[in-house]
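Remember, predicted model here, so these are calculated numbers, not experimental data.
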Amino acid sequence: MLFTDGDVFDYVIVGAGSAGCVIANRLTEDPTSRVLLVEAGGDPPIESDLPGLMPYMKQSAEDWNYTSIYDGYSQQGHTPPISDIPRGKMLGGCSSINYMYYVRGNPYDYDNWAKITNDNTWSYNNVLPYFIKSERLQDPNIWNTPSAAFHGSEGYLGVTKQYEKRTNKYLQAFSELGYNIVLDTNGNYTLGFTEPLLTIANGYRQSTATTFLSPIKNRSNLYVLKHTMVTKINFDEHNNAVSIEAIKENKEKITIRANKEIIVSAGAINSPQLLMLSGIGPRKHLEDLGINVIADLPVGENLQNHISGISTYALEKISERPKNPHKYPQPTVMGFATVNNLQTYPDYQSVNLIVDSDYLLENCAFTNYFKKEICNTFYKQAKGREVMISQTVVLHPKSRGRILLQSINPYVYPEIYTGYFSDAADLENLASYIERINRVTTTNYFQDVNATFLIPPDCASNEPDSEEFWRCYALCMAMTMNHYIGTCAMGSVVDGRLKVFGVQRLRVVDGSVIPNMTSGNTNVPIIMVAEKAADFIKAKN
């Protein structure tokens with residue numbers, strides 16, 4: 001279809017990412033609804049489809065390539081000392097660029113959302129059916145356990161587990177430390193260590209573009225407009241959202257009307273930027289930029305992300321192993337653990353990649369852009385050996401950041417203040433959790449192979465195992481998880497039905513509406529939010 005100025009649809013969805021593709025699928029199930037899905041990027045490249053090429057998606061043409069504002073503190077182990085913020089700029093959004101872990105979080109997370117919104121529809125029992133609805137689990141082992149009751153077999157999203165013999169010795173090591181070894185952390189028990197579920201099926205990444213959009217591409221009521229930047233949402237005199245303004249790839253400016261609703265699914269950075277450009281946001285900030293204020297709301301505030309720290313271990317000598325681009329690039333052991341054994345939700349996550357020394361160097365210098373002194377030191381000690389890269393994640397950080405407009409020009413990136421470690425408890429917890437994971441060096445396998453815990457030069461002068469050492473280590477090896485949420489949060493910017501306060505016919509549906517961080521990776525919760533939102537919209541709630 002040739003899109004022209006003045007075109008009219010029932011629903012206009014801004015952003016074909018993790019949420020947008022799901023909503024487009026579900027709304028077009030009604031053949032009487034004409035749905036337009038607008039995406040700033042294009043189709044995912046082959047590097048996105050093949051799981052083994054996942055590390056090479058960042059800093060590509062399909063990445064927005066955002067960076068944070070320098071804070072002088074939280075990223076001092078990196079060059080440059082700021083946060084690199086990859087965001088998918090293509091169909092599927094971040095589901096086309098992420099690390100493909102299928103992690104739902106913990107029931108505690110969703111019961112907490114229900115309290116924040118005073119809306120029981122977000123309680124765990126009421127969101128579980130939507131996790132099940134989207135999923136197509138292809139793991140016979142889980143289907144033969146009680147955990148099967150928590151999984152789906154008929155959804156669009158293919159989910160598998162990649163079993164590797166090499167992980168057994170690491171699972172045994174964590175078992176020696178008292179951690180439970182489980183088959184599944186997405187069922188009725190979410191604590192313990194396991195080989196994680198992955199959004200991979202038949203050797204290909206299961207992005208929402210591949211799973212929710214491709215199968216319905218021939219629906220006559222679905223329209224997809226790619227390489228088009230939405231720059232503003234327009235409102236009538238009654239504060240109804242009535243149209244979007246956009247710029248196509250050829251620089252043509254068009255206005256497209258929505259008869260029923262506009263749904264913003266541009267992600268935790270782009271959604272608040274678009275709302276603020278359209279007059280929805282903090283009054284003073286918008287007025288300082290000369291933007292007419294439609295609704296005075298804390299858009300862009302409450303930015304949250306998981307903060308983590310890397311610890312690295314050099315183990316037994318190995319020879320180079322061939323790599324299959326259709327498989328996940330490294331065997332992984334993932335765990336969720338508490339400090340208080342009586343607690344039912346995890347305090348920290350442990351993601352352990354089993355790699356060779358060449359991958360370690362690539363991961364250190366390119367993927368995580370740690371300082372060259374750190375990467376060279378680690379590579380020299382690990383060369384020719386198997387390596388465990390352990391990422392310890394603070395699952396419920398207290399620090400908050402914010403996003404501000406830098407300009408009224410939509411092509412000028414917003415200012416991203418991450419706020420990492422602005423609450424000192426996050427650094428203290430990170431240091432404590434890394435120290436707990438480091439006890440793995442006392443286990444039989446690590447002792448048998450004379451495992452080496454790799455220490456960055458900046459911390460080598462600290463007394464080993466002292467409080468100062470672990471604080472130095474956590475700060476030096478800190479990095480982010482790219483799980484950005486909260487900037488259009490339920491309870492402050494949108495209501496429990498994801499409608500924007502103060503206006504009509506406008507919803508936000510993506511990670512930005514999540515009010516408090518989930519206990520794990522955020523892609524699957526975002527898909528759940530989209531599934532739920534589609535039902536709200538179809539029911540006219």
Side-chain angles (χ1 to χ4, degrees), residues 15-25 37 39-64 86-104 131 134-139 151-153 155-164 186 195-217 224 226 265 267 323-332 334 351 353 355 359 362-363 366-367 481-483 510-511 520-528 530-531:
S18 298
C21 290
V22 176
I23 300 165
N25 179 306
L37 180 61
E39 169 55 39
D43 295 326
I46 188 66
E47 296 93 327
S48 172
D49 290 335
L50 293 176
L53 301 183
M54 165 264 295
Y56 310 112
M57 284 303 302
K58 64 175 287 182
Q59 297 179 358
S60 66
E62 292 76 29
D63 179 3
W64 283 92
R87 302 279 88 190
K89 188 180 183 182
M90 60 190 132
L91 297 179
C94 289
S95 73
S96 295
I97 201 174
N98 71 359
Y99 274 45
M100 297 170 283
Y101 294 129
Y102 184 92
V103 178
R104 294 180 181 178
F131 283 119
S134 65
E135 184 187 20
R136 189 177 72 257
L137 177 65
Q138 300 173 324
D139 184 85
H151 288 280
S153 61
Y156 284 97
L157 188 68
V159 178
T160 58
K161 186 188 278 270
Q162 188 169 298
Y163 294 95
E164 296 274 0
N186 291 291
E195 290 178 280
L197 289 172
L198 302 165
T199 51
I200 298 173
N202 304 316
Y204 292 95
R205 174 193 289 271
Q206 298 291 283
S207 71
T208 56
T210 297
T211 56
F212 282 87
L213 204 57
S214 289
I216 63 160
K217 62 185 180 183
V224 179
K226 296 181 285 191
S265 299
K323 294 177 175 62
N324 181 347
H326 288 278
K327 295 185 70 174
Y328 201 73
Q330 58 273 327
T332 305
M334 182 181 289
V351 183
L353 311 180
V355 303
Y359 185 91
E362 176 186 300
N363 180 268
F366 172 68
T367 305
M481 290 291 285
N482 298 314
H483 299 160
D510 56 29
N521 308 63
T522 51
N523 186 245
V524 177
I526 290 168
I527 292 172
M528 176 276 291
E531 289 275 24

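- Taking 4.5 Å as the limit, every side-chain heavy atom of P86 sits out of range of all side-chain heavy atoms of Q59.
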Tabulate below the donor-acceptor pairs under 3.5 Å that side-chain atoms of residues 520-527 make, not counting sequence neighbours, or state none.
residue, atom, partner, partner atom, Å
N521, OD1, Q349, NE2, 3.0
N523, ND2, S18, OG, 2.7

Checking N98 against N482 for the side-chain contact (heavy atoms from CB on, under 4.5 Å) test, could you report, in this order, the C-alpha distance in whole Å, the side-chain angles of both residues, the deciding distance, and whether it holds? CA-CA 9 Å; N98 71 359; N482 298 314; over 6 Å; no
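- A donor and an acceptor atom, one from each side chain of E362 and Y56, are located under 3.5 Å apart.
- Rounded to the nearest 0.5 angstrom, T160 OG1 and K327 NZ are separated by 10.5 Å.
- Qualifying salt bridge (Lys or Arg N to Asp or Glu O under 4.0 Å) partners for E62, counting only residues two or more places apart in sequence or in other chains: none.
- Here the closest non-hydrogen pair linking D49 and P51 is O-CD, 3.3 Å.
- Going from atom CG of L197 over to atom CE of M100 covers 13.5 Å, rounded to the nearest 0.5 Å.
- Judged purely by atom type and a 3.5 angstrom limit, D63 has no side-chain atom pairing as donor or acceptor with the backbone of G88.
- E39 contributes a side-chain N or O that, together with a main-chain N or O of M90, makes up a donor-acceptor pair within less than 3.5 Å.
- In this structure, the separation between CZ on F212 and CD on E531 is 4.5 Å, given to the nearest 0.5 Å.
- Within the 4.5 Å cutoff, the side chain of Y204 has no heavy atoms near those of the T210 side chain.
- Rounding to the nearest 0.5 Å gives a distance of 7.5 Å between CZ of R205 and OG of S95.
- The structure places CZ of F131 at 7.0 Å from OH of Y102, a figure rounded to the nearest 0.5 Å.
- Residues V351 and T332 form a side-chain contact, since some pair of their non-hydrogen atoms from C-beta on lies under 4.5 Å apart.
- By the 4.5 Å heavy-atom criterion applied to side chains, P45 and M57 are counted as neighbours.
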Between W64 and I97, does a side-chain contact (heavy atoms from CB on, under 4.5 Å) hold up when you go through it step by step? CA-CA 11 Å; W64 283 92; I97 201 174; over 6 Å; no
side-chain contact (heavy atoms from CB on, under 4.5 Å) between Y101 and L198, worked out: CA-CA 5 Å; Y101 294 129; L198 302 165; 3.6 Å; yes
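- Going from atom CD of Q138 over to atom CZ of R136 covers 5.0 Å, rounded to the nearest 0.5 Å.
- The backbone N or O of L91 lies less than 3.5 Å from a partner atom in the side chain of S96, making a donor-acceptor pair.
- Side-chain atoms of K161 come within 3.5 Å of backbone atoms of E195 as a donor-acceptor pair (strictly under, hydrogens ignored).
- Remark: the backbone N or O of G20 is not paired with any side-chain donor or acceptor of T208 at under 3.5 angstrom.
- Not one N or O on the side chain of Q206 forms a donor-acceptor pair closer than 3.5 Å with the backbone of T199.
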